[in-house]
Amino acid sequence: MEQQDEPTKDQKIWQVVIAIPAGKVASYGQVAEMAGLGRQARYIGRALGKLPKGHSVPWYRVIRSNGQVAFPEGSEIYREQVSRLEAEGVEVVNGRVAMRRFRWQ
DNA sequence: GTAATGACTGCTA
DNA sequence: CTAGCAGCCATTA
């Protein structure tokens, strides 16, 4: 069996990412912790990279802890993320988010 | 079974 | 501000 009765980590991660309010962003570590994964911040990117085609996960709302995008400037993927963020009302300058990041207090 | 990799994070210089 | 190093741990080869 490859599937379990309970949702997999990827599913949880996607759910968490989807739970991020529009206009805000979260870091990989924050998402990992929120998903109950703890320090598996790296797994977040891996899960997002494995996202299926018809997914509805706003992966573009997930950035690094320093507020910078996880992709190099000029990259197509980078432009897409920035474009989507700007569409959400998030300001991105020089590859970093100039807005208040999502905060669970 | 082991080795290498990675959409990361934090600290130190 | 940038650069380097170590820690972290699941997934993949």
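Values reported hereafter were calculated over all heavy atoms of this structure, with side chains retained and with hydrogens, waters and symmetry mates removed. Below, chains carry the letters A, B, ... as their sequence lines are ordered, and counting in each starts from 1.
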Trainee: Please state how far atom CG in A/Asn94 lies from atom P in C/dC1, giving the value in whole angstrom units.
Mentor: 11 Å

Trainee: Which heavy atom of A/Ile20 sits nearest a heavy atom of A/Arg61, and at what distance?
Mentor: O-NH1, 2.7 Å

Trainee: Nearest whole angstrom, please: distance from the C1' of B/dC8 to the CH2 of A/Trp59.
Mentor: 17 Å

Trainee: A/Ala70 and A/Tyr28: which non-hydrogen atoms are nearest, and at how many Å?
Mentor: CB-OH, 3.2 Å

Trainee: Less than 4.5 Å apart, side chain to side chain, heavy atoms only: is that true for A/Val92 and A/Gln81?
Mentor: no

Trainee: Could you tell me whether the phosphate oxygens of B/dG10, OP1 or OP2, come under 4.0 Å of any side-chain nitrogen or oxygen in A/Ser65?
Mentor: yes

Trainee: Write down the distance between CD (A/Glu76) and C1' (B/dA7), rounded to a whole number of angstrom.
Mentor: 16 Å

Trainee: Could you list the residues that satisfy ring pair (Phe, Tyr, Trp, His ring centres under 6.0 Å) with A/Tyr60, not counting sequence neighbours?
Mentor: none

Trainee: Under 4.0 Å between a side-chain N/O of A/Lys50 and OP1 or OP2 of B/dA7, yes or no?
Mentor: no

Trainee: Given atom CE of A/Met34 and atom C1' of B/dT9, what is their separation to the nearest angstrom?
Mentor: 19 Å

Trainee: Could you state the atom-to-atom distance from CG of A/Asn66 to C1' of C/dA3 in whole Å?
Mentor: 14 Å

Trainee: Is there a side-chain contact between A/Val82 and A/Phe71 (heavy atoms, below 4.5 Å)?
Mentor: no

Trainee: OP1 or OP2 of C/dC1 versus the side-chain N and O atoms of A/Arg96: is any pair under 4.0 Å?
Mentor: yes

Trainee: Give a yes or no answer on whether the side chain of A/Ser75 reaches the backbone of A/Tyr78 with a donor-acceptor pair at less than 3.5 Å.
Mentor: no

Trainee: Please list, in numerical order, the residues of residues 37-47 of chain A that have a heavy atom closer than 4.0 Å to any atom of DNA chain B.
Mentor: A/Ala41, A/Arg42, A/Gly45, A/Arg46

Trainee: Mind calculating the distance between CZ (A/Arg64) and C1' (C/dT2) to the nearest angstrom?
Mentor: 14 Å

